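Shown next, in structure tokens, is the structure this report addresses.
All figures in this text were calculated on a predicted structure; none of them were measured in a lab.
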Amino acid sequence: MSTEDRPSAPRSLAEALRGRDDVSLGALLRSRPDLITPVPTDLTQLATRAGTRASVVRALERLDRFTLQTAQALAVAADPATYDELLGLMAGDDADPAVAQALPHALGVLREQALVWGRDDRLRLVRTARELLAPSPQHPSPTGLGPTVQEATAGMSPGRIQEIVTAAGLPSTHDSVSAVTSLTELFSDRRRMAALLAGAPADSLDVLERLVWGPPYGQVTADPAPRLRWLLDRGLLLPTAPGTVVLPREVALHLRRGLAHRTPEPVPPAVEAAAVHRPQVVDSTAAGQAYTALATVEELLKDWDEGGPAVLRAGGLSVRDLKRTAVALDVPEPVAAFWVELAYAAGLIAPDGEADERYAATPAYDEWRELPAAERWSRLVTAWLAATRTAGLVGGRDAKDRTLSALGPGLDRSAAPEVRHRVLALLAGLPEGAAPAAESVLARLRWERPLRGDRREDDLRGRLAEWALSEAEMLGVTGRGALSAHGRALLGAPAAPARSPEAEPSGPGDKLPVHHRPTHVPTLSATEQAVASAAAARLLTPLLPEPLDHVLLQADLTAVAPGPLQPPLADMLGVLADVESKGGATVYRFTPGSVRRALDAGRSASDLHAFLAAHSRTPVPQPLTYLIDDVARRHGQLRVGAASAYVRCDDDAVLGEILADKRAAALGLRRLAPTVLAAQTDPAGLLEGLRAMGFAPAAESAEGDVLITRAHAHRTPPRSAPEPVPDGPPVPDDTLLAAALRAIRAGDLASTTPRKSGTAPAADGELPRTGSAETLATMQAAVLTGEALWIGYVNAEGTASQRVIAPIRVEGGFVTAYDHTADEVRTYPLHRITGVAELADDAG
């Protein structure tokens, strides 16, 4: 293409955006959704917003390491720079082929996100991005480069500059500008610089080597050593402040052989497989973990069924309540915090809203419990994937040095869902059954989103990734560290890459390096996620054990459940016996207290005998029969009611035995009649005291009937699950994007349409200003001539915009016109029109 045929270079970012098509603009708005919140009025406003500090910082934080390195290289290049100059800074004099291959894509990303604009011969970094990335004493660049010769000599005296030029072997000049230019050209010339450094003392070269990769600043005394004096005399080190010198950028680039970065990273680090297991082993292990997860959540909710711990004044669980929950679940406190937060995220627990507020199960828990096991699991995992609340932070400190508590405020981290999806996507890219090395996953994430200044203590994404790996294992999304088949379906990921025969491990612990680039896993909409969750549940269903309708009774007063029990059986057995141990098989133990609990719940001895006979695969042991009959025979022999409290019994000898027992002293008992004792304590305390003494009393009503005590299931009012905290504005959908593009294009048409001489606004973006009489007269004239007009309009919300309209009718204080910007007929109140201007005759 000839120079005459080549399109003119854009003079601003707004002009560059104006030259884009809708596909390209749509890609910009998807990658930077903050730019259309709210929708800009035109492309000039869009460009202005794209250059604001907050928006640029947000965009830079979402670049991968190599793309960010490319932006950092442009920040230390000339403005504008050519593509060849950028390639030299990234690939160096040796022209690294990997860098050369990856650079066009990185530059394309920067262009797409409006961080770079201009043709390849005039590349410009957005001014705000250059200010953020360019090196300065206050904000050193990750490149390790210092200021240019021109910047470093800005405050130097002309005489000193001429001395440096002469010492460097250059002819003296008549002004400082040409002297600095001559020195810059020398330092940028590889051949001449090599000749200059060839005569340098060895210890002077050592000084340059220490500064070349940064930081470029060093300290000197008032009387520098000869090795430093040689460098200072020739401008290879330049003073920036008393006692401080800097290595000029051009000198450093020569010593680096042109590289802006010590180690360009064009290729993401591979995710390495630490071990490979058979897929069947992975799926079965993950299914076992999924079953354990369901059992743990059910146990938590059962523990809180009658009302859980109190809500702290500031919100959340107290440390004591978390410890008690951890003991009840038989897990460490951080793990207990995870299960509590998961149940909360799934909407299964919430505060009850009472005056004495406590946590309790929600009505949704009862619905959830009726679902098949695989569907219950998919509900939990779907909630985990989307949750921004991060259980791993529990026990830490917030910005005000307050302890972060489970279910309390301050646990939301908006990056958590994206990190979980990304970690699982990396696992999905490994061959089937491959478990990754955790450090390689973290290294990949650091490449995809570099840390600010590479400060490891700020590596929140790294901690989120570590938590995601451990939580996925606890939930059964992964098994033995590898992504399971149902976990892959949950992501909507394609099938795993095949493993070559030569990579088949001889044992599950064999190391296998995997250089496969992870399969792209798209972000799913709510509908797509529901479909994926259903598919995951279908894959998990055959792997979960079927609930059993029987137990194995043993002569030592225990019952063994060889697998999960059907809910009615599990509920009844939980009342009749105490859980002694859990694992692959649950062991229940029958005790006098547990049998009495079942009798208190309204069951008779015959009911208990029939229940055990119906659900045991072994004969009911005689010791268990005797235990039930013995407790039932004594159950209710004593009756406790309300006086403060009283005890009555038909056998006065039993009452005499109670009065004679020293342990009864605290109950304040006295005989009112041969068969009645009065107590100073309340009925509940009296019941507990007598049971502690070995008796089996029963509570009775005011009418003398035995009170049946059943567990009271406390529920909150209907509650919705907590909403995730978004990580910035949401990515616009196709409908919103199309409407935004149409509005921006229309506003840009209005703002760039040529006006007749004398009617242009005072400055870009200003609305036309005319009096009401002039506005009305111009409108009426346009109705007769059919001409289009340019107007400023302020809507009822106070938002100003520019429009191009063709008036059709003016009456009653309104103008009806065809709005070219909206491509439809609209009616506008005349009092909301700020002014009007006629368009130029050749306006298109």
Side-chain angles (χ1 to χ4, degrees), residues 8-64 67-81 83 86 106-136 138-139 141-143 449-450 452 727-729 731-732 737 740-741 743-752 761 763-766 799-802:
S8 59
R11 294 170 296 177
S12 65
L13 177 58
E15 281 193 20
L17 295 178
R18 202 162 282 127
R20 292 192 181 193
D21 58 19
D22 283 355
V23 174
S24 178
L25 275 180
L28 167 63
L29 299 181
R30 279 195 180 92
S31 62
R32 297 176 66 179
D34 57 297
L35 298 183
I36 57 169
T37 309
V39 176
T41 57
D42 53 35
L43 289 171
T44 300
Q45 190 178 92
L46 177 63
T48 301
R49 195 176 296 173
T52 58
R53 183 181 180 88
S55 182
V56 170
V57 167
R58 181 179 175 82
L60 291 174
E61 287 179 345
R62 281 157 176 74
L63 299 178
D64 63 56
T67 306
L68 183 59
Q69 286 181 331
T70 302
Q72 292 164 350
L74 276 172
V76 298
D79 186 26
Y83 181 83
L86 176 61
L107 185 59
V109 171
L110 294 173
R111 274 193 170 120
E112 177 186 286
Q113 299 197 19
L115 295 172
V116 169
W117 57 277
R119 297 186 317 212
D120 282 357
D121 58 343
R122 293 183 63 82
L123 294 173
R124 291 185 182 274
L125 194 63
V126 171
R127 180 184 299 124
T128 309
R130 178 174 287 274
E131 292 171 355
L132 289 168
L133 299 177
S136 68
Q138 296 78 22
H139 303 286
S141 168
T143 61
R449 294 283 181 85
R452 292 186 186 179
D727 186 17
V731 177
L737 195 61
L741 287 173
I744 293 170
R745 293 286 193 197
D748 202 57
L749 172 66
S751 65
T752 59
D764 287 345
E766 277 195 23
T799 303
S801 60
Q802 305 177 60

Side chain to side chain, V116 and T70, heavy atoms closer than 4.5 Å: no
Gap between atom OG1 of T67 and atom CD of Q69 - 0.5 Å precision: 9.0 Å
Salt bridge D22-R745, side-chain N to carboxylate O under 4.0 Å: yes
Spacing of CZ belonging to R18 relative to OG belonging to S12, to within rounding of 0.5 Å: 7.0 Å
Residues that R449 engages under side-chain hydrogen bond (donor to acceptor under 3.5 Å, both in side chains), provided they are two or more places apart: none
Residues which pass side-chain contact (heavy atoms from CB on, under 4.5 Å) with A73, listed by chain and number, not counting sequence neighbours: L86, L89, M90, A260
Distance in Å, L74 CG paired with L133 CG, rounded so as to fall on 0.5 Å steps: 9.5 Å
Nearest non-hydrogen partners of P135 and V76, listed with the distance: CD-CG1, 3.6 Å
Point-to-point distance, once rounded to the nearest 0.5 Å, from OG1 of T48 to CG of L43: 10.5 Å
Set of residues satisfying salt bridge (charged side-chain N to carboxylate O under 4.0 Å, His left out) with respect to E15, sequence neighbours excluded: R11
With P732 via side-chain contact (heavy atoms from CB on, under 4.5 Å) - residues at least two apart: P33, I36, L736, L737
Partner residues of Q45 under the side-chain contact (heavy atoms from CB on, under 4.5 Å) criterion, sequence neighbours left out: P40, T41, D42, R49
Residues in side-chain hydrogen bond (donor to acceptor under 3.5 Å, both in side chains) contact with R62, at least two apart in sequence or another chain: D727
Euclidean distance, D34 CG relative to T52 OG1, rounded to 0.5 Å: 7.0 Å
Side-chain heavy-atom pair R32, V56 within 4.5 angstrom cut-off: yes
L25 backbone acceptor or donor facing R20 side chain under 3.5 Å: no
Salt bridge (charged side-chain N to carboxylate O under 4.0 Å, His left out) partners of D120, counting only residues at least two apart: R111
Qualifying residues under side-chain contact (heavy atoms from CB on, under 4.5 Å), relative to R53, sequence neighbours excluded: V57, T128, L132
Heavy-atom pair of closest approach, residues R130 and A75: NH1-O, 3.1 Å
Student check: side-chain heavy atoms of L63 and L110 closer than 4.5 Å: yes
